[in-house]
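What follows is a set of notes on a single structure, which appears directly below.
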Amino acid sequence: MKLGILSICAVIVSATAAAQPSPTPKPTPPPVTVIRAGALVDGTSNAVRRDQAIRIEGNRIVSVQPWSAGAASAGATVVDLSGSTVLPGMIDAHTHILLDPKYDNYDMNILKESTAFRAARAAGLAGRFLDQGFTTIRDVETEGAGYADVGVKQAIDLGYIAGPRMFVCTRAISSTGGYALDGYSPDHDLPTGAQLIDGPVEARKAAREQLANGADWIKVYMNHRSWVDAKGNLVSQPTLTSDELAAIIEEAHGQGKKVACHAYNGVGMRRALDGKCDSIEHGLDLTDQDVAQMVKQGTWLCPTMMPYFYEWAPEGTAAGAKDRKRAEVHGPSMQRAVKAGVKIAFGTDAGSFSWDEPLVREFVLMVEAGMTPMAAIQSATSKAAEMLDMTGQLGVVAPGAYADVVAVRGDPLADVKALGNVVFVMKDGKVYRKSAS
Ligand SMILES: [Zn+2]
């Protein structure tokens, strides 16, 4: 062994001695792509620009200017999207990539599927976001799959699998009795979807663990079960107390990270807003007071309408009444938020419904709830990027931004459903999808 190392060293020494000094090699220039955009919706401006040239060097956009014959400089690859609407790569700010309702039962994901299987499945599902024009996701809890989201993100970043940029929340935090699995015999010691804590000391410890293990955000549950009371109102069980939430927020903010709060209404919503959560997830039943406080504090709303408007439990059952009530209040709640000017980030809750559901349906529901198509697009581009502290880097087609660019057939401002007709997807300067435009 020792001799082997010595002889290798001798070879290296003699090779070095024999080498002639050579000039420093010139770095290879990054590949240049010029996209010709028929219409450009750049993610921040309300104006649509026609016939633009987007120049990309490596993984960055370097210029955006009116198309001219000289825009396609020698050596550049030209992508002709002159018949399409070009937009920034979109951001889905509420996903669960480790979850699949394939068994039609959330509990089976946790009880019957190994974390290895779930991570492998997530690797297979990741490309679906790219296919639909989503180049970034904020994945808000693995639902019992530990830190598998950190691993999936790493595999994407290293190029082993194709998928969106990921901002991950890891395990999420709730309290005893405040998260699934529910309703089993108390004789069994069962796994849980989120990390359950009691008291500010455990809350702080959970936040520290999750941040240490790769959480980009912390996700907390401020509500768990909900039901319709005798007066016909939606009531939601509060979970974390104010002091538990305060400990988590202090830890996250101390490390420059944000806290996403799952909250529907009532006591849990009040604690979330008074505790200064960075984003309210779902916000099914926001009051005028809640909305005013969100505007004042700059709290984000990620409304995730898709899971609440489809697939209700049968009518005449308690679950069916709850499902219908949640949808009934969500629309007006969203309208109050839009009217008051609450900052809205697009999120679908993908993973809580079938992966075959097209994500464009969330845009349709947002527009039905009173957003303009342009505002809905910006919620999935520059606004979501702002929430992720990535302003100017993601969610915009402008010099200096990452080259995350998509194109759709048709005019999404005339009919937002056109966002589902994706014909081109580039992430980080690499083309993932190109079909006839
Ligand atoms: Zn969710």
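For clarity, every value in this text was computed on a predicted model and none was experimentally measured. Whatever order the structure lists ligands and atoms in, that order sets their numbers, starting from 1.
No salt bridge links Arg326 with Glu328; every basic N to acidic carboxylate O contact stays at or beyond 4.0 Å. Salt-bridge annotation for Glu250 and Arg204: present, with a side-chain N of the basic residue lying under 4.0 Å from a carboxylate O of the acidic one. Taking a cutoff of 4.0 Å between a charged side-chain nitrogen and a carboxylate oxygen, Arg121 and Glu113 qualify as a salt bridge. Look at Asp100 and Arg118 and you find no salt bridge, because none of the NZ, NE, NH1 or NH2 atoms lies under 4.0 Å from a carboxylate O.
Taking a cut-off of 2.8 Å, the protein N, O or S atoms nearer than that to the Zn ion (ligand 1) are His94 NE2, His96 NE2, Asp349 OD1.
Judged as a salt bridge (charged side-chain N to carboxylate O under 4.0 Å, His left out), and not counting sequence neighbours, the contacts of Asp356 are Arg128.
Looking at Asp404, Leu87, Val64 one by one, the single match for side-chain contact (heavy atoms from CB on, under 4.5 Å) with Val397 turns out to be Val64.
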